[in-house]
Structure formats: C-alpha cells, structure tokens
J.: 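Sharing a structure, written as structure tokens. Questions coming.
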Amino acid sequence: MQGIKFTSGASLEADAENVLRAITPTLDPNRHKGQAGKIAVIGGCREYTGAPYFAAISALKIGADLSHVFCTKDAAAVIKSYSPELIVHPVLEESYGVRDDEKRIISGKVLAEVAKWMERFDCLVIGPGLGRDPFLLDCVSKIIKLARQSNVPIVIDGDGLFLVTNSLDLISGYPLAVLTPNVNEYKRLVQKVLSCEVNDEEAHEQLLSLAKRIGGVTMLRKGKSDFISDGETVKSVSIYGSPRRCGGQGDILSGSVAVFLSWARHAIRDGDSSISSKNPAMLGSIAGSALMRKAASLAFDNKKRSTLTTDIIEYLGRSLEDICPVR
C-alpha cells in the first residue's frame, strides 16, 4: 500500500480514503472483545441526552467493540432507553443536586468512579450534551487532567470546547487532544488564543497558528471543507459531504474521530509500514472527517431534506465497507 505522507507548508487535500484503509484493522477471529476499541463519552445532562448517544453509538457502528457514556443521573435512564448496546454510568452531578459543603467530597467521588475505568479506554470524547453547569464542568476539568496523566487520547466537542476555551491549560501541549470546533466555537477560540478575528482569506495559516499556539493539539475546523492541523501541517478533507445541516452531525464526527484515532495509534505502535505519519490525532481526524462526510452524502442521496442524524449513523458501516471492504 502507498505510504501515508504529510507535507508541511501549503494546505493539501488529504488522501483520506488511503488513510482509512491504512488504519482500519482487519477483522481477525483471533482477536478478543475490546481490541477493536473501547470508547467513553463524557456528557449527557437533563437537557441533552441525544448528543452523547449519537457519539457513542457512532463509535460502535464504525467498529469499536465497547462504548461507554458517563452522564448525570437524570440523563442515564433516557440514554439507556435509546440502546442496550451502550454501557451507561450515571456518575456526573450538577450544582442543583449538590450542597456547597458537599462539593469537594462529591467531586472526589465522581473522579474516583471515572478513574476506575480510565486505563481501559482507548479514547475519551468530552463534551456532547455536557451542558455548562459550573460544578459539572469543574468535575470534567479533573477528568481531562486524569486522562492526560493516563496518556489517554481525548476528542473535545460541544460544551467541552466551551470549557477548554476558558481553560486552555487543560489541553495545551497535549498532542493526543483533538478539538472539533464549528464556526462559532472556532471564532471564540481564535479570539481567545490569537486575539483577532477569523480570517478566511488566510484560513490555513491561521489554523496552523492556532494549533501551534495551543501547543500542538490537533484542530479539526468543521465547514464546507474540513481543515485539520496539528501546528506542523495543514490538511483538508473536501470529499463527499451533504447540504443538509441537521443537528447532531458533530456528535457523529467526535465519536468517529475517537475510534479512528485509537486505531491509528495501534497501527503506529505496530509499526505499519504504510503509515509514515506518526501523529494518530491527525490520522484519526482525517479518517473521521472523511467517513462522516461520506455517510452524510449517502443518507442525503436517500432522504434529501428529511435527512436526520439517525439516518447518517445508519450509513456509517456501509460507508466504511465501500472504502475498506472486510477481507
């Protein structure tokens, strides 16, 4: 297989399908449960239960073996009702249910519950359906720090981006972190980090500067074309796509990137000669972007204006099979 190479400098369209083929593991009957990926989503509260479900179920539909959701107690029963395939942990707490004098103890218990599982996970997705409750965000800050200490990759989306934009030290300098901002989230990051406005005429250079300034995290800027940078290179993914902008597609993307990042990390560790890039976050972002865009395209071809996030999820498996057939 042709090697996957990235070039620095000018932005180039990624050879996304080749990346997908290179990092997607074969289905081997000698493997055991868990070896194809164990993903955990940190998110889900009273108001938002769909987003963590979309991220977690997408990971399974692509090929991860196990998918967990760590959410608040109010969200747990609802998320469980969506699918018996997910392992749901009702351990997060919001301010309304915690007295001020209990917060330190409760926060410690939340962290301890997540810590029991941390070493088992190949990647965390932080933010889908998280909400902005101050106590909950404080607990998630501690979970991010724990993931870094454990060297577990993290994909940050939704309200997770709100959290890290206001506390950049949580992810600064962590090369296994991927941020997936939409247009408004990207604008806030640029204003916070670069102290300027978004400049679409120099979009690639600005993205490169942003990723570099944050310390080598990987940025996946979502849009008509997705642009991805780790502060060293910039790649674009423009293939496929859909004009339908239904809510929830970012949650699919975050779950997808988590799976492919974990697969890329294993492929690099195994010394796969077809992969010259040694950054699993870049590879996972390219692969996740391309697969999400292909699934959205297939769903739109079938459903047109009525396309929903659940329709796109149902095309994830076929999309991967079209590009990387099971052998």
Side-chain angles (χ1 to χ4, degrees), residues 37-62 64 66-98 103 106-107 109-118 120-147 152-164 170 178-182 185 246-259 308-310 312-313:
K38 302 177 290 296
I39 307 302
V41 177
I42 312 295
C45 61
R46 282 188 298 175
E47 291 88 354
Y48 307 116
T49 58
Y53 164 75
F54 291 147
I57 202 69
S58 295
L60 289 179
K61 289 285 188 177
I62 290 169
L66 296 167
S67 197
H68 297 245
V69 177
F70 289 81
C71 60
T72 65
K73 295 179 177 65
D74 290 331
V78 180
I79 296 171
K80 285 182 179 181
S81 74
Y82 296 151
S83 173
E85 305 287 349
L86 305 180
I87 302 167
V88 181
H89 307 260
V91 301
L92 302 182
E93 296 278 1
E94 294 181 88
S95 298
Y96 73 89
V98 182
K103 285 184 177 179
I106 298 298
S107 177
K109 288 181 177 179
V110 170
L111 191 63
E113 283 295 319
V114 178
K116 290 192 302 188
W117 291 87
M118 185 65 74
R120 309 185 195 189
F121 296 137
D122 295 298
C123 191
L124 300 187
V125 179
I126 296 175
L130 187 61
R132 297 185 179 182
D133 177 82
F135 179 71
L136 180 53
L137 292 181
D138 182 65
C139 291
V140 174
S141 295
K142 293 180 173 65
I143 293 170
I144 292 174
K145 292 175 182 177
L146 178 64
V152 174
I154 51 178
V155 178
I156 301 178
D157 188 41
D159 289 319
L161 289 169
F162 172 81
L163 171 62
V164 301
L170 289 172
V178 176
L179 278 59
T180 61
N182 61 25
E185 293 158 346
C246 57
Q249 294 183 67
D251 305 311
I252 299 176
L253 178 65
S254 63
S256 302
V257 171
V259 176
L308 299 176
T309 299
T310 48
I312 298 171
I313 289 170

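Owing to the predicted nature of the structure, the values given are computational and were not obtained by experimental measurement. As a basis for the values below, the full set of heavy atoms in this structure was taken, side chains included, without hydrogen atoms, waters or symmetry mates.
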J.: With side chains defined as the heavy atoms from C-beta onward, is the minimum distance between Ile57 and Tyr82 less than 4.5 Å?
T.: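 Counting from C-beta outward, Ile57 and Tyr82 never come under 4.5 Å.
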J.: Please work out whether the ring planes of Phe121 and Phe70 are parallel, tilted or perpendicular, with thresholds of 30° and 60°.
T.: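 Correct class here is perpendicular.
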J.: Does the side chain of Asp133 come within less than 4.5 Å of Cys45's, by heavy atoms?
T.: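 Answer no - side chains too far apart.
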J.: Considering only heavy atoms from C-beta outward, does the side chain of Leu137 approach that of Leu130 to under 4.5 Å?
T.: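 Yes. Closest side-chain heavy atoms under 4.5 Å.
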J.: Donor-acceptor check, side chain of Ser67 to backbone of Ile87, threshold 3.5 angstrom: yes or no?
T.: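 Here the side-chain-to-backbone pair does not exist.
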J.: Counting distance only, does the side-chain N/O of Asp122 pair as donor-acceptor with the main-chain N or O of Lys38 below 3.5 Å?
T.: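 Side chain of Asp122 to backbone of Lys38: a pair is present.
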J.: Test Lys142 against every option in Ile144, Val140, Asp138 by the side chain to side chain contact (heavy atoms under 4.5 Å, CB included) rule and name the one that passes.
T.: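 For Lys142, the side chain to side chain contact (heavy atoms under 4.5 Å, CB included) check succeeds only for Asp138.
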J.: Just wondering, more than 12 heavy atoms not from Tyr48 lying within 6.0 Å of its OH?
T.: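 It does not: Tyr48 OH has 12 such atoms or fewer within range.
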J.: Less than 4.5 Å apart, side chain to side chain, heavy atoms only: is that true for Lys145 and Leu170?
T.: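 Side chain of Lys145 against side chain of Leu170, heavy atoms only: contact under 4.5 Å found.
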J.: If you measure from CG on Leu161 to CG on Leu179, what distance do you get to the nearest 0.5 Å?
T.: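 Nearest 0.5 Å value for the CG-CG distance: 5.0 Å.
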J.: Mind checking whether Leu92 and Ile42 have side chains closer than 4.5 Å, heavy atoms only?
T.: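 Side chain of Leu92 against side chain of Ile42, heavy atoms only: contact under 4.5 Å found.
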J.: Backbone N or O of Gly247 within a donor-acceptor pair of the Thr309 side chain at under 3.5 Å?
T.: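 Checking the backbone N and O of Gly247 against the side chain of Thr309, a donor-acceptor pair under 3.5 Å is found.
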J.: Are the side chains of Tyr53 and Ser83 in contact, using a 4.5 Å heavy-atom criterion?
T.: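 Result yes, sub-4.5 Å side-chain heavy-atom pair found.
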J.: Quick one: pull up OG in Ser95 and CD1 in Ile106 and give me the separation to the nearest 0.5 Å.
T.: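 Answer for the OG-CD1 pair, Ser95 versus Ile106, is 12.0 Å.
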J.: Is any side-chain heavy atom of Arg46 closer than 4.5 Å to one of Glu94?
T.: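 A side-chain contact under 4.5 Å exists here.
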J.: Is there a donor-acceptor pair closer than 3.5 Å between any side-chain N or O of Ser107 and the backbone N or O of Lys103?
T.: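 Not a single qualifying donor-acceptor pair exists.
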J.: Output, in order, the C-alpha distance, side-chain angles, deciding distance and verdict of side chain to side chain contact (heavy atoms under 4.5 Å, CB included) for Ser141 and Leu163.
T.: CA-CA 8 Å; Ser141 295; Leu163 171 62; 3.4 Å; yes
J.: Do Ile143 and Met118 come close enough that some side-chain heavy atom pair is under 4.5 Å?
T.: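 Contact flag for Ile143/Met118 side chains = yes.
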J.: Using only atom types and a distance under 3.5 Å, with no angle test, would you say the side chain of Glu113 pairs donor to acceptor with the backbone of Val110?
T.: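 Answer holds: no.
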